[in-house]
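Have a look at the structure below, then the notes.
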Number of protein chains: 2
Amino acid sequence: MPVTLVEVAARAGVSPATVSRVLNGNYPVAEATRQRVEQAVRELDYVVNAHARALLHSTSGIVGVVLNDAADPFFAGIARGIQTAAAGTRRLSIICNSEGEPSQEFAFLDLLRGHRADAVVLVGAAPEDEEFRTESAARAKGLQTNGTRLVLCGRPAPSPSAPGDVVAIDNEGGARAITQHLLDLGHREIAYLTGPAGRTTTTARFVGFRTALEQAGVPLDQGLVLGGDFSRRSGQLAVQNLLAAGKRFTAVAAANDLMAAGAVSALREAGLRVPQDVSVVGYDDLPTAVDVWPALTTVHVPLEEIGRLAVELAFGGSGMQTTVTAPTHLVVRDSTAAR
Amino acid sequence: MPVTLVEVAARAGVSPATVSRVLNGNYPVAEATRQRVEQAVRELDYVVNAHARALLHSTSGIVGVVLNDAADPFFAGIARGIQTAAAGTRRLSIICNSEGEPSQEFAFLDLLRGHRADAVVLVGAAPEDEEFRTESAARAKGLQTNGTRLVLCGRPAPSPSAPGDVVAIDNEGGARAITQHLLDLGHREIAYLTGPAGRTTTTARFVGFRTALEQAGVPLDQGLVLGGDFSRRSGQLAVQNLLAAGKRFTAVAAANDLMAAGAVSALREAGLRVPQDVSVVGYDDLPTAVDVWPALTTVHVPLEEIGRLAVELAFGGSGMQTTVTAPTHLVVRDSTAAR
DNA sequence: CTGAAAGCGCTTACAG
DNA sequence: CTGAAAGCGCTTACAG
């Protein structure tokens, strides 16, 4: 059984209230008394019960992080930023893997609400359907009445009136920039590997791609647009299919780095050289982007910074609903060359 | 302000006790009563206060995970296994990044104790000094008296008598196997890149390397043993130094995949081909090992499985102190060739 | 089947 | 500077 404050008080020969006071250091206590209490705490190896404390304060010192998969480097990077920033405010982070399942996401949200999390950060693309949005808005309201701050990272607010701050990512701008890079190199037949269907990030990145083509007056060939799911394997498969179908293309733009790595691997299997025969670009600038050979030209997304911003909005915020947009920028490495 | 159980009771026209009973479903309740309560819960969007509940049960539904860095794929893999298995028991996981700092590790342990975590899983190599071991053993005892189960993952118990289960990794066996692979290919001048000094994992892997050489009657050249710290950069630097010093070697064995990736990159910069000129091997078999070009020959470590095992020991365990050792095995890919 | 009451481990006005 | 008492939001014997 854990040691309680009452036992500490008994050993120190004072009242529980006094022990509480020296522990919290928010009231004057006689030096001699303090000494005795501190010694008792040490001797009994006492640690306050965080639940009893949370019951009084109705605050828990916990930040909930809900994401698809903490082992995915994209999410890991953001989670790390959140974790570090939260620790800086003496708060603990709870990581919850939703596997991209809305039902799991909602379940975690309820759990975190029950734990009276100080804040919840919801990371990653959201499904684009109306039902999800309605449910999300309801959950957001529930968290708010519980006093839990909500921050969305990399997804838009479910409705203009829903509570919660937003750290947006300039997905469209980055996609435009990297597509422009390919166009500048003379590429006209560019295959595009999308993210999973019906997700906000997937759409934003594709729109950026399409917009850049339009602005350059290059027609979009629907036959070169392939559905992926952000996994390495899906990028590899897509390019294999493209090749098997005998499609002509001189560049591949993948909606993230993992698919780009898969694409490179499929090209190499087919005896094609990157970038001499085909240029490849990714998105996210994950740490692994420099380990792929050739090192990936990609769009940098400041993952840790995004996590840090989320925590800042949650606790340092003005109290007003705020949206900040994290900038993205092109990083040119070795996987792209002039046509 | 959050809705309380008393308010739900008032709206449903029953006593708080009755609401508690329908919520927990562990007592008979009249169907009509149940209906009214459930409706009130829905209308008020009520969620039980996990802290109040934890205060009664002295259990929190929380699993603490303490590791160096959740963004590192090695830790991310194990954390994922823990998280999934914990969720399977309806428990939430708290991830704490200690940055490899013993002081931070201890601080998190105390925090988790205060939160009455059901279990704490401590992941990663431990420092080898006596002071750390003593402190660790004391913390282990503290957790035990709190009723928190402790599991060590990838590190040995601080003392034979310290409470806590262990999921060990066969680091030495894997290192022996991969070194043997290089020897079988005819390599005799093998550079070795170590992990950070004074860590259990570093030692175990190096011992495996040394043992394999000894058994083959190949002398160990201390000039070919370079200190790294498990980071990609340190692997790259080590090989650059080796090259600058004009050392002869036909293979590089890195104590993990990240350093192996760095080594490959340094070799390539110097105009050397892998594996034609120099063979390179890693350790861990991270997802990224297949993205490195050439794909890395390495030692597979069942990361997710290790996490799963940890949770199993914590909650399914016999109650007796148990150590299980996760097996490792050689994975031959493209970064090694015959001398 | 249901309610009144005690209690989990702490904190904090309220007295002194 | 310190203690007695009430209360945070729940659960669970104890009665009925």
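Letters A, B, ... are given to chains in the order of the sequence lines, protein chains preceding strands, and every chain is numbered from 1.
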Taking only residues two or more places apart in sequence or in another chain, which ones pass side-chain contact (heavy atoms from CB on, under 4.5 Å) with [X]?
X	answer
B:Val48	B:Leu23, B:Tyr46, B:Arg53
B:Pro156	B:Thr200
A:Leu309	A:Val167, A:Glu305, A:Glu312, A:Val324
B:Glu131	B:Asp129

Checklist outcome for this item: Where DNA chain C forms runs of at least three Watson-Crick or G-U pairs (i with j, i+1 with j-1, under 3.5 Å), the stems are C:1-3 with D:14-16, C:5-12 with D:5-12, C:14-16 with D:1-3

Sequence neighbours left out, what passes side-chain hydrogen bond (donor to acceptor under 3.5 Å, both in side chains) with [X]? Give chain and number order.
X	answer
B:Ser136	none
A:Ser159	A:Ser161
A:Gln35	A:Glu31
A:Arg139	A:Asp110, A:Glu135

Checklist outcome for this item: Here the residues of residues 28-36 of chain B within 4.0 Å heavy-atom distance, strictly under, of DNA chain D are none

Checklist entry - By a strict heavy-atom criterion of less than 4.0 Å, which residues belonging to residues 4-17 of chain A are in contact with DNA chain D? => result A:Val14, A:Ser15, A:Ala17

Next on the checklist: Would A:Asp69 and B:Arg80 count as a salt bridge (Lys or Arg N to Asp or Glu O under 4.0 Å) here? Give the steps.
Outcome noted: CA-CA 8 Å; A:Asp69 173 11; B:Arg80 182 165 214 278; 2.6 Å; yes

Item to check | Contact boundaries on DNA chain D for chain B, cut-off under 4.0 Å to non-hydrogen atoms | outcome: D:dG9 to D:dA13

